[in-house]
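Written below as structure tokens is the structure these notes are about.
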4 protein chains.
Amino acid sequence: MAGDTEVGAGRFPTMERRLTPRGQQRRDEIVAFATVRFAENGFHPTSVAEIVGGLGVGKGVFYWYFASKDELLAEILRTALRSLRTAQAEAVAGELDPLRRIELAIRAALRWSEQHRHLVTLIQFASTDDRFAPLVSLGEAVAVRDATAQVAEAVSSGRVRDADPEFVAHAVLGVTTHIAREFIHKRGRPADDVADATVAFVLDGLLAGAISPVG
Amino acid sequence: MAGDTEVGAGRFPTMERRLTPRGQQRRDEIVAFATVRFAENGFHPTSVAEIVGGLGVGKGVFYWYFASKDELLAEILRTALRSLRTAQAEAVAGELDPLRRIELAIRAALRWSEQHRHLVTLIQFASTDDRFAPLVSLGEAVAVRDATAQVAEAVSSGRVRDADPEFVAHAVLGVTTHIAREFIHKRGRPADDVADATVAFVLDGLLAGAISPVG
Amino acid sequence: MAGDTEVGAGRFPTMERRLTPRGQQRRDEIVAFATVRFAENGFHPTSVAEIVGGLGVGKGVFYWYFASKDELLAEILRTALRSLRTAQAEAVAGELDPLRRIELAIRAALRWSEQHRHLVTLIQFASTDDRFAPLVSLGEAVAVRDATAQVAEAVSSGRVRDADPEFVAHAVLGVTTHIAREFIHKRGRPADDVADATVAFVLDGLLAGAISPVG
Amino acid sequence: MAGDTEVGAGRFPTMERRLTPRGQQRRDEIVAFATVRFAENGFHPTSVAEIVGGLGVGKGVFYWYFASKDELLAEILRTALRSLRTAQAEAVAGELDPLRRIELAIRAALRWSEQHRHLVTLIQFASTDDRFAPLVSLGEAVAVRDATAQVAEAVSSGRVRDADPEFVAHAVLGVTTHIAREFIHKRGRPADDVADATVAFVLDGLLAGAISPVG
DNA sequence: AATGAATGAGAGTTCATTCAT
DNA sequence: GATGAATGAACTCTCATTCAT
């Protein structure tokens with residue numbers, strides 16, 4: 001994963017402040033609390049007053065740690081995408097087979113989604129807002145780039161049908177994110193079960209393994 | 001498409017008002033203008049003042065035709081989802097083969113997305129907002145129900161591998177919507193080209209038709 | 001006074017809004033009330049809440065008529081400077097003798113200062129704030145330009161000692177504004193009496209007419 | 001300069017604190033930095049956070065040395081006015097001729113203005129704010145009182161035309177301060193050149209030394 | 001049907017000041 | 001002496017909505 005630069009570096013510059021352990025803890029509290037509220041209530045409808053009120057602190061505290069409400073969301077997104085990326089990187093570490101890497105990445109994404117449903121909701125919202133969408137795109141781009149490379153390799157070795165690797169990578173991303181929301185979040189299915197079905201769909205589509213051949 | 005009831009009937013009650021042709025035109029203007037602004041600027045950041053200002057009318061006009069800003073969005077969504085549904089229904093009309101019906105529905109969805117990118121953006125946003133998400137879910141539910149039925153039929157006739165039809169239907173929906181945004185909206189690819197690749201992915205997954213068998 | 005263009009046209013664009021007579025009246029009320037408060041309390045210490053509270057109207061009213069608090073001050077300044085300019089222009093109208101024109105302009109300025117002490121205070125404050133100083137400079141520039149021309153003419157006809165006309169014009173401006181504040185505003189002396197002494201000082205300085213010649 | 005009492009003793013009581021040399025230096029740094037920021041940015045718009053941030057110290061430092069932001073400005077003003085007064089006193093020391101004393105005081109004021117433009121700006125601002133204006137008035141009063149005495153003496157000896165000495169003193173003050181801002185600060189002219197013209201204007205007005213007598 | 005005017009709660013943000021460490 | 005953290009009132013400004021005309 002060479003060239004993996006920090007995303008969204010230009011916009012929403014992180015507030016650089018020397019923090020004591022107590023300060024760092026406060027900051028984390030704010031992030032955690034805001035993440036839940038943003039996800040459950042929506043970003044715009046959740047006010048700064050609500051956040052600091054919920055934490056029982058003064059308004060100034062918020063602006064001591066974050067330059068703005070936007071910047072807080074940007075930070076949440078950056079952290080979330082980095083976490084997802086890390087989870088996937090760890091899952092595929094050591095695996096050389098491209099198809100297995102894709103499978104492991106899907107499983108990792110679904111497991112991550114199961115554990116971070118609020119972040120998934122926030123990422124989805126962010127991708128609909130012009131100010132935050134680039135952050136999400138950049139975050140996704142890393143995963144897509146990796147998946148694209150695996151597919152390309154599998155295609156060239158003949159183990160995957162001839163298809164545009166980038167297109168296929170996005171198709172996999174689309175399946176995975178939608179399935180996570182629909183089956184893991186809405187219906188509470190276990191990530192691992194959902195992953196089996198997702199991997200099957202991604203590898204075989206509708207037809208492969210069907211009893212009677214297509215007309 | 002039996003059982004197709006009007007979605008979201010309870011909430012956001014449509015303002016029933018007898019409108020003159022001139023009045024209907026005004027109303028349509030508002031809907032059209034607001035759709036674009038909501039999609040480009042975001043729903044929350046777009047104010048009613050901006051909408052009426054952009055149309056050069058007074059604020060009263062807005063509230064003459066719509067009970068609230070929320071209700072306007074609800075109406076846009078309802079109309080949009082109905083339009084998509086209609087496009088798909090027309091596309092599959094007369095076709096009896098379940099796999100062909102699915103293919104045609106995908107193609108119709110992509111073509112519709114190409115022509116209504118603002119609505120696609122709005123639908124995506126709406127699904128992240130608790131107040132509007134049910135509307136979207138209900139709208140999607142119709143398409144999913146139909147696709148589920150087709151898949152079930154195809155599975156029972158052995159033409160599709162044994163899989164949970166509803167899961168597969170959602171997988172198809174996930175692929176289609178993500179691909180529409182990524183390739184049609186962001187990159188401006190023609191819907192028909194994208195549709196070919198999408199259908200291939202949905203039917204064959206990664207493996208089918210590969211040269212060398214999987215290890 | 002050819003070339004007399006509207007000052008400060010670029011910054012602080014006036015909010016163009018069609019106003020009903022009632023609206024115009026409201027707007028004027030705000031201007032009048034704010035002028036007094038700004039002058040007595042200071043611009044920064046006077047809040048918008050104080051203004052609307054004092055008028056017994058809602059906060060929105062302020063922003064219906066003015067884009068911002070800054071813009072309101074800019075408008076007050078523009079109006080004030082235009083009023084002063086007009087008063088001076090009317091005072092010198094028809095007079096051809098350059099020295100008499102200067103005298104009449106001084107008298108007009110002092111009389112105007114007597115009647116608009118709040119505006120004088122505001123102009124002085126504005127000239128200390130980078131955002132508003134250009135407005136004041138531009139306003140003054142008109143008067144200075146005119147005075148400079150009169151002085152130049154008087155110098156060339158030998159009726160005024162050889163001096164840099166622009167410098168002298170500013171010197172006259174400096175005397176007049178300071179004297180207005182010190183004697184008319186602080187001590188409440190009548191403008192006309194003060195004007196006599198001011199004119200005498202400007203024309204004669206300390207020495208002219210002294211009994212014994214300077215050493 | 002008998003009767004020269006410390007001005008503004010009642011308000012803004014100076015924080016009496018025994019300071020180490022290091023402490024005194026810190027304090028001076030704050031004064032110097034704040035003076036520039038107050039002058040360039042405005043007093044109200046410049047926050048304490050900005051000042052301590054610019055010096056790279058914590059907020060506590062500020063409040064260790066100054067009771068409040070207002071008190072800091074008061075101190076800056078007091079120091080500035082004392083400095084100006086001292087400069088003038090030194091300039092006229094030993095000179096007995098009243099007209100020469102006035103001339104020397106003007107020259108000293110202009111030279112001081114050239115070297116302390118930020119302070120000049122601050123003094124001007126302070127005189128527009130009710131809380132600080134008395135400080136400035138008191139500071140000016142000293143100079144005016146002295147000038148008034150000189151003028152009175154010159155008038156009684158017949159070397160200056162019969163005029164209200166206090167009025168004339170203020171007229172001189174008005175010319176001098178305005179000219180300093182306009183020609184020294186804005187246009188960067190050398191103080192000594194400007195002083196020549198200022199003294200000429202003050203002594204001769206427009207007319208003295210003109211070629212042809214006034215009509 | 002439509003307008004301009006008004007509302008006022010509430011938004012995000014700032015800031016002088018205080019305080020525990 | 002000095003820090004980072006915290007306070008919370010006050011600030012400017014926005015906005016969905018209502019209403020008299």
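Just so it is clear, the values below take in all heavy atoms, side chains as well, and ignore hydrogens, waters and symmetry mates.
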In whole Å, I'd like the distance from the [atom1] atom of [X] to the [atom2] atom of [N].
X: F62(A); N: dT13(E); atom1: CZ; atom2: P; result: 7 Å
X: L55(A); N: dG8(F); atom1: CG; atom2: P; result: 14 Å
X: H44(D); N: dT12(F); atom1: NE2; atom2: C1'; result: 16 Å
X: I51(A); N: dA11(E); atom1: CD1; atom2: P; result: 11 Å
X: Y65(A); N: dT13(E); atom1: OH; atom2: C1'; result: 18 Å
X: E71(B); N: dT17(F); atom1: CD; atom2: C1'; result: 14 Å
X: R27(D); N: dG1(F); atom1: CZ; atom2: C1'; result: 15 Å
X: R37(C); N: dT12(F); atom1: CZ; atom2: P; result: 13 Å

- Any chance CD of Q25(A) has more than 12 other-residue heavy atoms, nucleotides or ligands included, within less than 6.0 Å?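 No, not enclosed.
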Is [X] near enough to [N] that one of its side-chain N or O atoms lies under 4.0 angstrom from OP1 or OP2?
X: K59(C); N: dG8(E); result: no
X: T20(A); N: dA5(F); result: yes
X: S47(C); N: dC11(F); result: yes
X: W64(B); N: dA1(E); result: yes

When you measure from the side chain of [X], which nucleotide among [options] comes out closest?
X: K69(B); options: dA16(F), dA6(E), dA6(F); value: dA16(F)
X: V48(C); options: dA5(E), dT12(F), dT13(E); value: dT12(F)
X: R26(A); options: dA6(F), dT7(F), dG12(E); value: dA6(F)
X: Y63(C); options: dT12(F), dG1(F), dT17(F); value: dT12(F)

- About how many Å separate CD1 of I30(A) and CD1 of I76(A), when rounded to the nearest 0.5 Å?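 It is 10.5 Å, given to the nearest 0.5 Å.
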- Query: With both distances under 3.5 Å as the test, what is the Watson-Crick or G-U wobble partner of dT14(F)?
  - Reply: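 Matched dT14(F) with dA9(E) under the 3.5 Å cut-off.
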- Query: Considering every strand shown, what is the Watson-Crick or G-U wobble mate of dA20(F) when both distances are under 3.5 Å?
  - Reply: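 Across all strands, the one nucleotide that pairs with dA20(F) is dT3(E).
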Residue pair [X] / [Y], side-chain heavy-atom distance below 4.5 Å:
X: F43(C); Y: K69(C); value: yes
X: F62(A); Y: L72(A); value: yes
X: E29(D); Y: V57(D); value: no

- Under 30°, 30 to 60°, or over 60°: which ring-plane class applies to F125(B) and H44(B), parallel, tilted or perpendicular?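 It falls in the perpendicular class, over 60°.
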- 5' precedence on DNA chain E between G23(B) and T46(A) (nearest-nucleotide basis): G23(B)
- Message: Counting the atoms with a prime plus P, OP1 and OP2 as sugar-phosphate, which does F66(C) contact under 4.0 Å by heavy atoms, base, sugar-phosphate, or nothing?
- Response: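 Answer is nothing: F66(C) stays at 4.0 Å or more from every strand.
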- Message: If you assign each of G60(C) and R22(A) to its closest nucleotide in DNA chain F, which residue comes earlier from the 5' end?
- Response: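 Closest to the 5' end, via its nearest nucleotide, is R22(A).
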- Message: Nearest heavy atom decides the nucleotide; on that basis, is G58(A) or P45(C) closer to the 5' end of DNA chain F?
- Response: G58(A)
